[in-house]
Undergrad: 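Please read through the structure below; I'll follow up with questions.
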Amino acid sequence: MRIDIWSDFTCPWCYIGKMNLDKVLREEHIQDVFVYHRFQTVPAGYYPKGVPFSIFEVAEKEGMTEWQALQKAELIERMGKEAGLILNMKDVKMTDTTHAHRLLHLAQKYGWQDKFMMQSYHEIFVEGTDIGKPEALRRIAAYAGIPEEETETLLETDEYLEQVRRDRVDMRGKYITGVPYFVFPDGENLCGVQPVEVFRQAIRKIHGDAEVMGAVCSNSVCG
């Protein structure tokens, strides 16, 4: 079964939603093929070059108080725990994900997108890694099995940059405004982090054009 996923690396709902989906696919013994599409929740120019932000700095930019940011972080961590994850939201580094998305496109060449994406999520939300740094991207790419020389070529050039830009245009054409966004066979769509039971229903029966909305990341806000 092919499942298309629009997501961003620094979107915690994307990580939690994917874990819930994986659980259902394992239970149903369904062989899956994931195809990832690029979505950047933070607009270009939001970050000073090479300087990551904490979730609290991002929250402040969006008019949230520190208490509100802490409450949201605790909610995300609680939902992560329900999905089998131990997230450390206070250590998350929000950063430019352009180069990570370029490497994700390269990973597609080898069929290793899911391995690259899931390891990236772990690095960001568990280890507190800044994936805007080349050394972090090299390590994740090596873990996923991308040849070192191809990773270096990509990081030294603009390879796949145009494809990342096209994904943003394609996303707007499909009226996708938040992530995670899952597209199943026959056009079944699920938007936002969904509980296991919703994914189970989607897998067992295609609902045509029905769309279910859960928590999403959109325009630098996860809510």
Undergrad: Would you say the side-chain atoms of Asp167 pair up with the backbone N or O of His37, donor to acceptor, closer than 3.5 Å?
TA: no
Undergrad: What is the distance from atom SG of Cys14 to atom CZ of Phe9, rounded to the nearest 0.5 Å?
TA: 10.0 Å
Undergrad: Is there a path of hydrophobic side-chain contacts, each under 4.5 Å between heavy atoms of I, L, V, M, F, W or Y residues, that connects Val164 with Leu154?
TA: no
Undergrad: Should we count CD of Glu60 as having more than 12 external heavy atoms under 6.0 Å?
TA: no
Undergrad: Hydrophobic clusters here meaning ILVMFWY residues chained together by side-chain heavy-atom distances under 4.5 Å, can you tell me if Met118 and Leu87 are in one?
TA: yes
Undergrad: Which heavy-atom pair separates Phe34 from Asp22 by the least distance, and what is that distance?
TA: CZ-OD1, 3.5 Å
Undergrad: With sequence neighbours left out, what residues match Gln113 under side-chain contact (heavy atoms from CB on, under 4.5 Å)?
TA: Val35, Tyr36, Arg38, Leu104, Ala107, Gln108
Undergrad: For the atom pair CD1 (Ile203) and CD1 (Ile30), what is the distance rounded to the nearest 0.5 Å?
TA: 5.0 Å
Undergrad: Is the ring centre of His101 less than 6.0 Å from the ring centre of Tyr160?
TA: no
Undergrad: For Pro180 and Val193, which heavy atoms make the closest approach, and how far apart are they?
TA: CG-N, 3.8 Å
Undergrad: Validate the cation-pi geometry between Lys18 and Tyr121: distance from NZ or CZ to the six-membered ring centre under 6.0 Å, angle to the ring axis within 45°.
TA: no
Undergrad: I need the minimum non-hydrogen distance between Pro147 and Tyr110, along with the two atoms involved.
TA: CG-OH, 3.5 Å
Undergrad: For the pair Asn20 (side chain) and Gln194 (backbone), establish whether a donor and an acceptor sit closer than 3.5 Å, ignoring hydrogens and angles.
TA: yes
Undergrad: CG of Leu103 to CD1 of Ile140: how many Å apart, nearest 0.5 Å?
TA: 9.0 Å
Undergrad: Under a 3.5 Å distance rule, please check whether Glu57 uses its side chain to pair with a backbone N or O of Ser54 as donor and acceptor.
TA: yes
Undergrad: Could you tell me if the side chain of Thr41 sits less than 4.5 Å from the side chain of Trp13, heavy atoms only?
TA: no
Undergrad: Using the rule that Ile, Leu, Val, Met, Phe, Trp and Tyr join whenever any side-chain heavy atoms are under 4.5 Å apart, tell me whether Leu75 and Val196 fall into a single cluster.
TA: yes
Undergrad: What's the spacing between Asp91 CG and Ile124 CD1 if we round to 0.5 Å?
TA: 13.0 Å
Undergrad: Would you mind telling me which of Glu152, Glu148, Glu156 makes a salt bridge (Lys or Arg N to Asp or Glu O under 4.0 Å) with Arg138?
TA: Glu152
Undergrad: Stepwise, does the side-chain contact (heavy atoms from CB on, under 4.5 Å) test hold for Glu150 with Lys109?
TA: CA-CA 11 Å; Glu150 294 200 40; Lys109 172 181 175 181; 3.1 Å; yes
Undergrad: Name the residue from Glu197, Glu188, Glu28 that meets the salt bridge (Lys or Arg N to Asp or Glu O under 4.0 Å) definition with Arg204.
TA: Glu28
Undergrad: Side chains of Thr129 and Arg139, heavy atoms from C-beta outward: is any pair under 4.5 Å?
TA: yes
Undergrad: For atom NE2 of His105, is the number of surrounding heavy atoms from other residues, nucleotides or ligands below 6.0 Å larger than 12?
TA: yes
Undergrad: Are the side chains of Val33 and Asp114 in touch, meaning some heavy atoms are under 4.5 Å apart?
TA: no
Undergrad: Just wondering, do Phe56 and Leu70 contact through their side chains at under 4.5 Å, heavy atoms?
TA: yes
Undergrad: In the structure I gave you, are the side-chain heavy atoms of Ile55 and Ile76 within less than 4.5 Å of one another anywhere?
TA: no
Undergrad: Is the shortest side-chain heavy-atom distance between Asp96 and Gln40 below 4.5 Å?
TA: yes
Undergrad: Under 3.5 Å, is there a donor-acceptor pair between the side chain of Asn189 and the main chain of Val183?
TA: no
Undergrad: Could you report the tightest heavy-atom contact between Cys11 and Phe125, atom names first, then the distance?
TA: C-CZ, 3.6 Å
Undergrad: Does a side-chain N-to-carboxylate-O contact under 4.0 Å join Glu82 and Arg78?
TA: no
Undergrad: If you define the side chain from C-beta out and look only at heavy atoms, does anything of Val92 sit under 4.5 Å from Met94?
TA: yes
Undergrad: Distance check, rounded to the nearest 0.5 Å: Thr95 atom OG1 versus Asp130 atom CG?
TA: 4.0 Å
Undergrad: May I ask you to check whether over 12 heavy atoms, not counting those of Glu149, lie within 6.0 Å of atom CD?
TA: yes
Undergrad: Hey, quick one: are Val198 and Leu21 part of the same hydrophobic cluster, counting side-chain heavy atoms closer than 4.5 Å, chains of contacts allowed?
TA: yes
Undergrad: Using the rule that two of Ile, Leu, Val, Met, Phe, Trp, Tyr join whenever any of their side-chain heavy atoms come within less than 4.5 Å, decide whether Val24 and Met19 are in one cluster.
TA: yes
Undergrad: Side chains of Phe199 and Lys23: does their closest heavy-atom pair fall under 4.5 Å?
TA: no
Undergrad: For residues Val179 and Asp8, report the shortest heavy-atom separation together with the two atoms involved.
TA: CG2-N, 4.1 Å
Undergrad: How long is the straight-line distance from SG of Cys191 back to OH of Tyr181, given to the nearest 0.5 Å?
TA: 6.5 Å
Undergrad: Can you tell me if Thr97 uses its side chain to pair, donor with acceptor, with the backbone of Ala100 under 3.5 Å?
TA: no
Undergrad: Ignoring hydrogens and angles, tell me if any N or O in the side chain of Arg102 forms a donor-acceptor pair with the backbone of Glu159 under 3.5 Å.
TA: yes
Undergrad: May I ask you to decide if Lys90's main-chain N or O and Asn88's side chain share a donor-acceptor pair within less than 3.5 Å?
TA: no
Undergrad: Looking at every non-hydrogen atom in both residues, tell me the closest pair between Ile146 and Phe116 and how far apart they are.
TA: CD1-CD1, 4.2 Å
